[in-house]
Amino acid sequence: MTHTREARTGNVVLSAATVAMGLIAGVFYIFTCAVMPALARSDDRTYVEVMRNINDVIQNPVFFLSFMGALALTGWSAWQLRATPAARWTWAALAAYALVFFITVAFNIPLNNALAAKGDPSALREHFEGPWVAWNVARAVGSTAAVALLTRALLVHGRSGRNPGDASPSRPRPGRTTA
């Protein structure tokens, strides 16, 4: 593949997918490593109140753009790169993140909705905490795997996108003179 407009567009979309995926993986990672362990130290009322507040404020355009953008950009990139050596890495990243997306919709969001209901904080927390944390760890692992797969796709696509003659010793590189 030469550096055509399509190849440059493929690089831009793949790069954007990787950045969006990294942002989302970071969100799940920080919840796994810091937010949930810190909340675990709280009493039931505080735990429920803080998680409700988090669930309210995370529903914003910036988060949705990255959460949905990671899926859309990875899908777009997989389609664009379908005939390149980077295709399998991009499709694998899409599959990994599709699983993360499914976990979010099928498990984490319903748990968040249940936590929003009125009720005894102790009972709400008991129903919520263990499953939510476990599913979030799965999301952190899956989205981190997707970042690694997209990074591999970037490396493979970058190598395959070079014109083999560009680094030839017989051809002067821009800014260099031949002796």
Interatomic distance, Leu81 atom CG to Arg88 atom CZ [nearest 0.5 angstrom] | 13.5 Å

Could you pull out the closest heavy-atom pair between Ala20 and Ser66, with the gap in Å?
-> CB-O, 4.2 Å

Determine, stepwise, if the pair Trp132 / His127 fulfils side chain to side chain contact (heavy atoms under 4.5 Å, CB included).
-> CA-CA 9 Å; Trp132 195 95; His127 173 75; over 6 Å; no

Over all heavy atoms of both residues, which pair between Ser143 and Ala140 is shortest? Give the atoms and the distance, please.
-> OG-O, 3.4 Å

Does Arg82 make a cation-pi contact with Trp79, if we ask for NZ or CZ under 6.0 Å from the ring centre and within 45° of the axis?
-> yes

Taking all non-hydrogen atoms of both residues, which atom of His157 and which atom of Gly10 are closest, and how far apart?
-> NE2-C, 4.3 Å

Determine whether Met36 and Val100 fall in the same hydrophobic cluster, where Ile, Leu, Val, Met, Phe, Trp and Tyr are linked whenever their side-chain heavy atoms lie under 4.5 Å apart.
-> yes

Contact summary for Gly142 and Ala96, nearest pair of heavy atoms | O-CB, 3.8 Å

For the residue pair Ala86 and Val156, what are the closest heavy atoms and their distance?
-> N-CG1, 3.7 Å

Determine the interplanar angle of the Phe107 and Trp135 rings, folded into 0 to 90°, and report it as parallel if under 30°, tilted if 30 to 60°, perpendicular if over 60°.
-> parallel

Mind telling me whether Phe67 and Phe101 have parallel, tilted or perpendicular rings, with 30° and 60° as the class edges?
-> parallel

Are Ile109 and Leu65 co-members of a hydrophobic cluster defined by side-chain heavy atoms under 4.5 Å apart?
-> no

Distance col, row Arg125:CZ vs Leu39:CG, nearest 0.5 angstrom, shows 7.5 Å

Between Ala78 and Leu94 the two heavy atoms that sit nearest each other are CB-CD2, 4.4 Å

Is Phe128 atom CZ crowded by more than 12 heavy atoms from other residues, nucleotides or ligands, each under 6.0 Å away?
-> yes

For the atom pair CG (Asp43) and CD (Glu49), what is the distance rounded to the nearest 0.5 Å?
-> 9.5 Å

Group every Ile, Leu, Val, Met, Phe, Trp and Tyr by side-chain heavy-atom contacts under 4.5 Å, then state whether Val35 and Leu115 land in the same group.
-> yes

Partner of Thr32 by side chain to side chain contact (heavy atoms under 4.5 Å, CB included), out of Val27, Thr144, Asn136, Val141 | Asn136

Interatomic distance, OG1@Thr104 vs CZ@Arg139, rounded to 0.5 Å, equals 4.0 Å

Determine whether Val133 and Phe31 fall in the same hydrophobic cluster, where Ile, Leu, Val, Met, Phe, Trp and Tyr are linked whenever their side-chain heavy atoms lie under 4.5 Å apart.
-> yes

Are any of the side-chain heavy atoms of Val50 and Ser42 separated by less than 4.5 Å?
-> no

Start with the C-alpha gap between Thr90 and Leu149, add the side-chain angles, then the distance that decides, and say whether side chain to side chain contact (heavy atoms under 4.5 Å, CB included) holds.
-> CA-CA 7 Å; Thr90 312; Leu149 291 162; over 6 Å; no

Check the surroundings of atom CH2 in Trp76: do more than 12 heavy atoms from other residues, nucleotides or ligands lie under 6.0 Å from it?
-> no

Greater than 12 external heavy atoms within 6.0 Å of Phe64's CZ = yes

Can you name the one residue among Asn55, Ile58, Asp56, Ile54 that meets side chain to side chain contact (heavy atoms under 4.5 Å, CB included) with Asn112?
-> Asn55

Can you find a pair of side-chain heavy atoms, one from Leu124 and one from Arg52, that are under 4.5 Å apart?
-> yes

State plainly whether one hydrophobic cluster holds both Leu71 and Leu73, where clusters connect Ile, Leu, Val, Met, Phe, Trp and Tyr through side-chain heavy atoms under 4.5 angstrom apart.
-> no

Would you please test Thr74 and Leu14 for side chain to side chain contact (heavy atoms under 4.5 Å, CB included) and show each step?
-> CA-CA 7 Å; Thr74 303; Leu14 179 56; over 6 Å; no

